[in-house]
Amino acid sequence: MGADSGGGPVRGADLVYLARMADGSLSCDGCELPVSGADRGDPFAVGLACGDGIARAYVGYLRTTLGASWLTQIDLTRPNLSDDGAVQHTVLSAESRVLYGQVRGMAYDAPRKRLYLTRTVNSAEAALSWVDLAGDCRIDKIGEAGGCRTGTTRFGAVPEGIELREIALSTAAVSGAPRRAYLTARIYDPDAARAAGVRIGDHDGLLLVVALSEDLAGRLDSRIVDEIPIGYGASGVRVLPPRAGKRDVVVALAADDGVLWIYDDETGARVAIGR
């Protein structure tokens with residue numbers, strides 16, 4: 001992870017491997033980092049925040065106590081990860097309220113030093129979470145004690161039964177326009193979920209095109225620009241390299257249907273590539 005290193009989580013061993021990738025070769029000499037705790041295990045999702053002095057890895061978990069949203073931050077600029085603050089763990093919260101659900105997708109907005117997170121749901125409401133990483137804030141402290149600012153933004157126009165999966169941020173520079181985020185979402189039956197007390201399956205999927213902006217008070221606002229049906233098992237989403245003067249070209253996967261979608265945000269055109 002970073003300019004010359006890479007890695008990922010191993011669920012069964014509760015380890016993250018910070019493997020070196022210098023000169024095109026992969027090496028791991030003592031690169032194993034234990035990240036589990038009494039309240040968390042099965043590290044799965046990994047995100048990166050790089051730019052303007054920040055080089056950090058973030059890890060989400062599949063197994064947590066009471067289903068709380070745990071997040072681990074690893075400072076990749078630290079030569080010794082045993083130093084205080086090099087590795088930090090936290091339960092995500094917003095408005096003094098603990099957040100629940102597995103962290104599944106992450107995307108870093110370098111100009112704003114903001115990390116966006118998607119979570120699985122245990123209710124009938126979809127929300128995009130975020131952590132502001134400006135300054136030397138710590139994710140394992142509350143705001144008054146030097147903690148990072150956190151929050152959620154909800155999509156009022158989206159019906160119940162939407163679970164956000166992964167997120168990618170726009171790479172296109174469009175003068176005067178809000179930055180866009182592209183999110184995959186799975187659709188499930190909220191009535192059945194309420195009756196059972198847990199989310200039950202899903203029956204379709206969407207690619208959401210979202211405009212991100214801030215009001216005068218600095219509060220994040222998210223507005224859905226388009227909802228594109230992509231099929232069952234909505235999962236990965238990526239933005240292709242930018243084109244001069246053009247909006248993004250986005251690739252989204254409906255894994256269970258075996259369909260890869262290509263979406264052109266400039267023209268609205270979409271193409272499905274099947275098995």
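Numbering of residues begins at 1 and proceeds along the displayed sequence. Below, each value reflects all heavy atoms present in this structure, side chains not excepted, and no hydrogens, waters or symmetry copies.
Here CG of L92 is found 6.5 Å from OG1 of T90. Values are rounded to the nearest 0.5 Å. L115 CG to D109 CG: the interatomic distance, rounded to the nearest 0.5 Å, is 10.0 Å. In this structure, CD in Q88 is found 11.0 Å from CD1 in I74, a value given to the nearest 0.5 Å. To the nearest 0.5 angstrom, L220 atom CG is 7.0 Å from S213 atom OG. Rounded to the nearest 0.5 angstrom, L99 CG and T150 OG1 are separated by 7.0 Å. The distance from the OG1 atom of T65 to the CZ atom of R63 is 8.5 Å, given to the nearest 0.5 Å.
Judged by distance alone, the side chains of D248 and S170 do bring a donor and an acceptor atom under 3.5 Å apart. Side-chain atoms of T153 and S222 include a donor-acceptor pair closer than 3.5 Å. Side chains of E32 and Y17: a donor-acceptor N/O pair is absent below 3.5 angstrom, by distance only. Side-chain contact annotation: T118 with R165, donor-acceptor N/O pair under 3.5 Å absent. Counting only N and O atoms by type, the side chains of T120 and Y100 include no donor and acceptor under 3.5 Å apart. With hydrogens and angles left out, the side-chain atoms of D204 and Y232 include no donor and acceptor closer than 3.5 Å.
By the side-chain hydrogen bond (donor to acceptor under 3.5 Å, both in side chains) test, Y263 pairs with D265, sequence neighbours left out. For D226, the side-chain hydrogen bond (donor to acceptor under 3.5 Å, both in side chains) test picks out R270, with sequence neighbours left out.
Scanning both residues, L128 and Y116, for their nearest heavy atoms gives CD2-CD2, 3.8 Å. Residues V259 and L253 come closest through the heavy atom pair O-CD1, 3.5 Å. Nearest heavy-atom pair, Y182 versus L207, reported as atom, atom and distance to 0.1 Å: CB-CD1, 4.2 Å. Heavy-atom minimum distance, L15 versus P43: O-CG, 3.9 Å. Nearest heavy-atom pair, L169 versus I167, reported as atom, atom and distance to 0.1 Å: CD2-CD1, 4.4 Å. In terms of heavy-atom proximity, A255 sits nearest to S235 at CB-OG, 3.8 Å.
At most 12 non-hydrogen atoms from other residues, nucleotides or ligands lie less than 6.0 angstrom from CG of D136.
By the 4.5 Å heavy-atom criterion applied to side chains, I162 and I187 are counted as neighbours. At least one side-chain heavy atom of L62 sits less than 4.5 Å from a side-chain heavy atom of R104. Annotation: side chain of L212 is not in contact with side chain of D221 (no heavy-atom distance under 4.5 Å). Side chains of T171 and L240 form no contact here, defined as non-hydrogen atoms less than 4.5 Å apart. Using a 4.5 Å heavy-atom cutoff, the side chains of K113 and Y108 are in contact. The side-chain heavy atoms of I230 and L206, taken from C-beta on, include no pair separated by under 4.5 Å. Contact annotation: the side chain of V209 approaches that of R180 to within less than 4.5 Å [non-hydrogen atoms, C-beta and beyond].
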Exercise for review: Please assess L133 against R56 for the test side-chain contact (heavy atoms from CB on, under 4.5 Å), listing each intermediate value before the final yes or no.
Suggested key: CA-CA 10 Å; L133 305 176; R56 300 169 185 166; 3.7 Å; yes

Requested in this report: Output, in order, the C-alpha distance, side-chain angles, deciding distance and verdict of salt bridge (charged side-chain N to carboxylate O under 4.0 Å, His left out) for R112 and E214.
Outcome: CA-CA 11 Å; R112 289 180 172 80; E214 295 178 353; 3.7 Å; yes

Practice prompt. Walk me through it: do Q102 and W70 pass the test side-chain contact (heavy atoms from CB on, under 4.5 Å)?
Written response: CA-CA 8 Å; Q102 303 162 352; W70 274 89; over 6 Å; no

**Report entry** Steps toward side-chain contact (heavy atoms from CB on, under 4.5 Å) verdict (V239, V249)
**Finding:** CA-CA 6 Å; V239 177; V249 174; over 6 Å; no

Discussion item. V210 vs E227, test: side-chain contact (heavy atoms from CB on, under 4.5 Å). Steps then yes/no.
Written reply: CA-CA 9 Å; V210 178; E227 302 177 27; over 6 Å; no

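Note on I54 and M106: same hydrophobic cluster, where clusters join Ile, Leu, Val, Met, Phe, Trp and Tyr whose side-chain heavy atoms are under 4.5 Å apart, directly or indirectly. Hydrophobic clustering keeps V250 apart from L260 (ILVMFWY residues linked when any side-chain heavy atoms are closer than 4.5 Å, directly or through intermediates). By the criterion of side-chain heavy atoms lying less than 4.5 angstrom apart, applied directly or through intervening Ile, Leu, Val, Met, Phe, Trp or Tyr residues, I228 is not grouped with I262; the two fall into different hydrophobic clusters. Placement of V87 and V59 within a single hydrophobic cluster is found when ILVMFWY residues are connected by side-chain heavy-atom separations under 4.5 Å, directly or transitively. One hydrophobic cluster, built from ILVMFWY side chains closer than 4.5 Å, holds both V251 and I273.
Checking T72, D14, D39 one by one against Y61, the side-chain hydrogen bond (donor to acceptor under 3.5 Å, both in side chains) holds for a single residue, T72.
Looking at R114 and D132, a side-chain N of the basic residue comes within less than 4.0 Å of a carboxylate O on the acidic one, giving a salt bridge. With respect to R138 and D84, a salt bridge is recorded, a charged nitrogen being found less than 4.0 Å from a carboxylate O. Between E166 and R238, at least one side-chain N (NZ, or NE/NH1/NH2) sits under 4.0 Å from a carboxylate O, which counts as a salt bridge. Looking at R243 and E266, no side-chain N of the basic residue comes within less than 4.0 Å of a carboxylate O on the acidic one, giving no salt bridge.
For D189 (side chain) and A192 (main-chain N/O), a donor-acceptor pair under 3.5 Å exists by modelled atom type. Between the side chain of S36 and the backbone N or O of R40 there is no donor-acceptor pair closer than 3.5 Å.
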